[in-house]
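Everything on this sheet refers to the single structure shown next.
Chain letters run A, B, ... following the sequence lines, proteins first and then strands; every chain starts at 1. What you see below is based on every heavy atom in this structure, not just the backbone, and it leaves out hydrogens, waters and symmetry mates. Everything numeric in this text was worked out from a predicted model, so none of it was measured.
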Number of protein chains: 2
Amino acid sequence: MGTTQLESVSEPKYWHLRTVLTEALESEFTVGEILPNERDLAARFGVARATLRQALEQLELEGRLQRRRGVGTTVAPPRMGVAVGTEQHAWPGTGEDAWQAVDCTLAEAPAAVAEALETERAEPVHTVRRTRMTHGQPVAAELLYIPQSSVPELTAIDAPHGAARARAVLRELQRLELEGNESAVELGSAHADDAKELDRLPGAPVLVVTTRFLAAGRTAALSVATYRADTCRLTFGDSGNVEIHQAPEQRAS
Amino acid sequence: MGTTQLESVSEPKYWHLRTVLTEALESEFTVGEILPNERDLAARFGVARATLRQALEQLELEGRLQRRRGVGTTVAPPRMGVAVGTEQHAWPGTGEDAWQAVDCTLAEAPAAVAEALETERAEPVHTVRRTRMTHGQPVAAELLYIPQSSVPELTAIDAPHGAARARAVLRELQRLELEGNESAVELGSAHADDAKELDRLPGAPVLVVTTRFLAAGRTAALSVATYRADTCRLTFGDSGNVEIHQAPEQRAS
DNA sequence: TAGTGGTCTAGACCACTGA
DNA sequence: CAGTGGTCTAGACCACTAG
């Protein structure tokens with residue numbers, strides 16, 4: 001990585017810096033290698049540390065870098081392909097799907113959830129918390145809302161404790177015939193609990209996948225899963241091995 | 001919106017500020033309303049402008065605010081639901097799908113694209129550029145790569161000019177029998193051309209949707225579409241036709 | 001031209017990690 | 001403990017929009 005001076009074009013410095021660093025990463029660094037610290041890098045490029053950080057933030061957003069406080073900045077491996085749309089016709093918790101139930105509570109749903117579930121205002125819902133691991137790393141945290149009316153046979157005695165109760169609720173849910181599901185993906189920022197689960201700081205960018213499970217002509221369950229945006233590529237369909245990061249720039253004339 | 005002092009907990013100021021502003025937006029502001037300018041807001045909360053901006057960036061990332069240079073900061077409408085996975089078995093350009101062809105070039109594909117297409121190294125590909133509009137706003141810019149071997153009948157004479165040629169290529173593509181497609185979603189940042197197309201600054205967060213169209217046992221076309229992450233919620237599944245009609249005509253006359 | 005958000009600087013201190 | 005990234009400040013100037 002050179003000590004190149006930045007040209008004075010009408011392009012922001014941090015953006016130009018991002019480009020320079022991107023090229024350096026591809027040609028001179030290997031995955032897992034640690035970069036010089038921010039103060040050194042800033043000095044090397046002749047910019048303020050804040051400007052250098054703006055460029056690093058871009059690269060982290062794009063999944064090319066990984067920064068850890070107290071440790072340093074490392075070159076990130078390519079994003080993991082995480083299947084989201086394959087089990088088109090399976091309830092959550094079916095088979096081996098990398099999800100791990102954490103606990104389960106029974107309470108009144110937040111307003112936004114109640115609306116999506118089209119339940120009675122005051123109907124209690126089971127809230128199952130799950131975590132998804134891939135390659136030994138946490139990639140997603142999920143809240144799964146299941147109205148009591150979707151699992152009427154479940155009694156409080158079945159399993160009063162956290163994870164066991166969560167599994168009991170999921171097992172009970174599978175008695176319903178699943179008619180289909182539909183999901184949506186949007187950008188969000190990790191709240192405190194999700195951030196902790198995902199081993200990130202609050203505010204970290206996440207991909208929020210909202211899925212409605214349909215049965216008996218209504219929404220039988222609602223899943224809100226937050227995936228780490230820096231390390232995950234969500235795949236819909238059969239395979240997810242396409243490796244395109246950014247479209248190249250080429251214009252016609 | 002009060003003049004509340006920030007408490008000194010171990011929570012970052014900008015994060016607390018984000019929370020306070022979120023609540024204020026929900027209770028005291030309406031969609032389209034403009035906020036006080038950044039310098040005033042910073043003074044009101046007793047923080048530096050940079051800190052205030054960090055909070056605003058979070059809110060913009062979450063789609064709650066919209067900031068425009070030279071104009072101001074406004075309260076954003078709820079994100080638009082944009083159907084991405086509905087036409088599971090349709091070629092791009094089929095029917096009325098809100099996409100508009102812009103132009104088309106024929107050149108050798110970038111390395112990453114060539115690999116995904118599994119073409120010969122040097123085989124030229126048609127590169128179709130399209131734009132997607134929703135509610136009068138640009139929501140996505142796409143580069144569609146089509147190897148020459150997927151549209152063998154196409155002659156250079158058909159339509160030598162930009163948009164017309166793009167449509168000719170898409171029309172030709174529909175002669176193949178589509179066996180399926182698979183897509184992936186990941187976070188990225190808008191490059192210069194995409195940013196211009198999307199009416200955003202370079203580096204703006206985007207959702208990159210990569211789709212492979214399969215025909216005759218191979219990848220017949222590859223689409224790389226970048227959606228505005230601030231205004232779009234990508235929907236997969238049948239009822240992706242949920243039209244959120246929060247009429248944008250909220251301004252006083 | 002006045003006012004907005006966008007960029008940039010040169011510091012300072014804090015929270016966290018690992019030796 | 002020394003070194004890292006994370007937060008924060010108080011300025012300055014620039015690019016853009018609209019009246």
Side-chain angles (χ1 to χ4, degrees), chain A residues 5-19 21 33-61 65-76 189-190 192 195-196 199-205 230, chain B residues 5-18 21 33-61 65-76 189-190 192 195-196 199-205 230 251:
Chain A
Q5 291 302 315
L6 301 175
E7 299 159 15
S8 67
V9 286
S10 61
E11 195 179 37
K13 277 188 187 177
Y14 79 92
W15 186 253
H16 186 229
L17 208 46
R18 188 206 79 108
T19 307
L21 286 171
E33 196 172 348
I34 65 176
L35 269 63
N37 71 54
E38 297 182 349
R39 290 162 179 87
D40 283 355
L41 275 180
R44 203 183 294 203
F45 286 104
V47 300
R49 190 178 155 217
T51 304
L52 186 271
R53 277 180 60 81
Q54 228 178 323
L56 294 186
E57 264 151 38
Q58 285 282 341
L59 292 170
E60 193 178 28
L61 203 76
L65 289 183
Q66 184 163 3
R67 299 191 286 173
R68 274 178 303 169
R69 167 156 51 176
V71 179
T73 302
T74 60
V75 181
S189 49
K196 204 158 101 181
D199 195 24
R200 300 251 63 196
L201 293 175
D230 54 344
Chain B
Q5 291 303 314
L6 301 176
E7 300 160 15
S8 67
V9 285
S10 63
E11 195 178 37
K13 277 188 186 177
Y14 78 92
W15 186 255
H16 186 229
L17 209 45
R18 187 206 81 108
L21 286 170
E33 194 172 349
I34 65 176
L35 269 62
N37 72 55
E38 296 182 351
R39 290 162 179 86
D40 284 355
L41 275 180
R44 205 181 293 201
F45 286 103
V47 299
R49 191 178 154 220
T51 304
L52 186 270
R53 277 180 60 80
Q54 229 178 321
L56 294 185
E57 264 151 38
Q58 285 281 341
L59 292 169
E60 193 179 28
L61 203 77
L65 289 182
Q66 184 162 5
R67 298 191 287 174
R68 274 177 303 169
R69 166 155 54 178
V71 180
T73 302
T74 59
V75 180
S189 50
K196 204 158 101 182
D199 194 26
R200 300 253 61 195
L201 294 176
D230 55 343
R251 308 305 283 271

Item to check | Covered region of DNA chain C, 5' end to 3' end, by chain A [heavy atoms, under 4.0 Å] | outcome: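 Listed 5' to 3', the contact boundaries are C:dT7 to C:dT17.
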Checklist entry - Taking side chain as C-beta onward, heavy atoms only, is B:L65 less than 4.5 Å from B:L21? => result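 No, side chains not in contact.
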Checklist entry - Which comes earlier along DNA chain D counting from the 5' end, the contact point of B:T51 or that of A:R67, where each point is its nearest nucleotide? => result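 Result: A:R67.
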Checklist entry - Which value, rounded to the nearest 0.5 Å, describes the distance between A:D40 atom CG and A:L35 atom CG? => result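 Reported value, rounded in 0.5 Å steps: 11.0 Å.
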Nucleotide N/O of nucleotides 15-19 of chain D paired with protein N/O under 3.5 Å:
from, atom 1, to, atom 2, distance (Å)
D:dA15, O4', B:R69, NH1, 3.3

Checklist entry - Are there more than 12 heavy atoms of other residues, nucleotides or ligands under 6.0 Å from atom CG of B:D199? => result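 Count not over threshold, so no.
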Checklist entry - Stem ranges for DNA chain D, with three or more consecutive Watson-Crick or G-U pairs under 3.5 Å? => result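 Output for stems: C:1-18 with D:1-18.
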Item to check | Distance-minimising heavy-atom pair for A:R49 and A:A42 | outcome: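 Closest heavy-atom pair between A:R49 and A:A42: CA-CB, 3.8 Å.
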Next on the checklist: Applying side-chain contact (heavy atoms from CB on, under 4.5 Å), can you list everything that pairs with A:R69, at least two apart in sequence or on another chain?
Outcome noted: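 Partners of A:R69 by the side-chain contact (heavy atoms from CB on, under 4.5 Å) criterion, ordered by chain and then number, come out as A:L201.
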Listing, residues 50-58 of chain A side-chain donor-acceptor contacts under 3.5 Å, not counting sequence neighbours, or none:
from, atom 1, to, atom 2, distance (Å)
A:R53, NH1, A:E38, OE1, 3.2
A:R53, NH1, A:E38, OE2, 3.0
A:Q58, OE1, B:S189, OG, 3.3
A:Q58, NE2, B:G203, O, 3.4

Item to check | 5′-ward residue of the pair A:A48/B:R39 relative to DNA chain C | outcome: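 The answer here is B:R39.
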Item to check | Qualifying residue for side-chain contact (heavy atoms from CB on, under 4.5 Å) with B:I34, from B:V75, B:T74, B:T73 | outcome: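 For B:I34, the side-chain contact (heavy atoms from CB on, under 4.5 Å) test succeeds with only one of B:V75, B:T74, B:T73, which is B:T74.
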Checklist entry - So which of B:R200, B:R67, B:Q66 actually passes side chain to side chain donor-acceptor pair (under 3.5 Å) with B:D230? => result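 Considering B:R200, B:R67, B:Q66, a side chain to side chain donor-acceptor pair (under 3.5 Å) with B:D230 is found only for B:R200.
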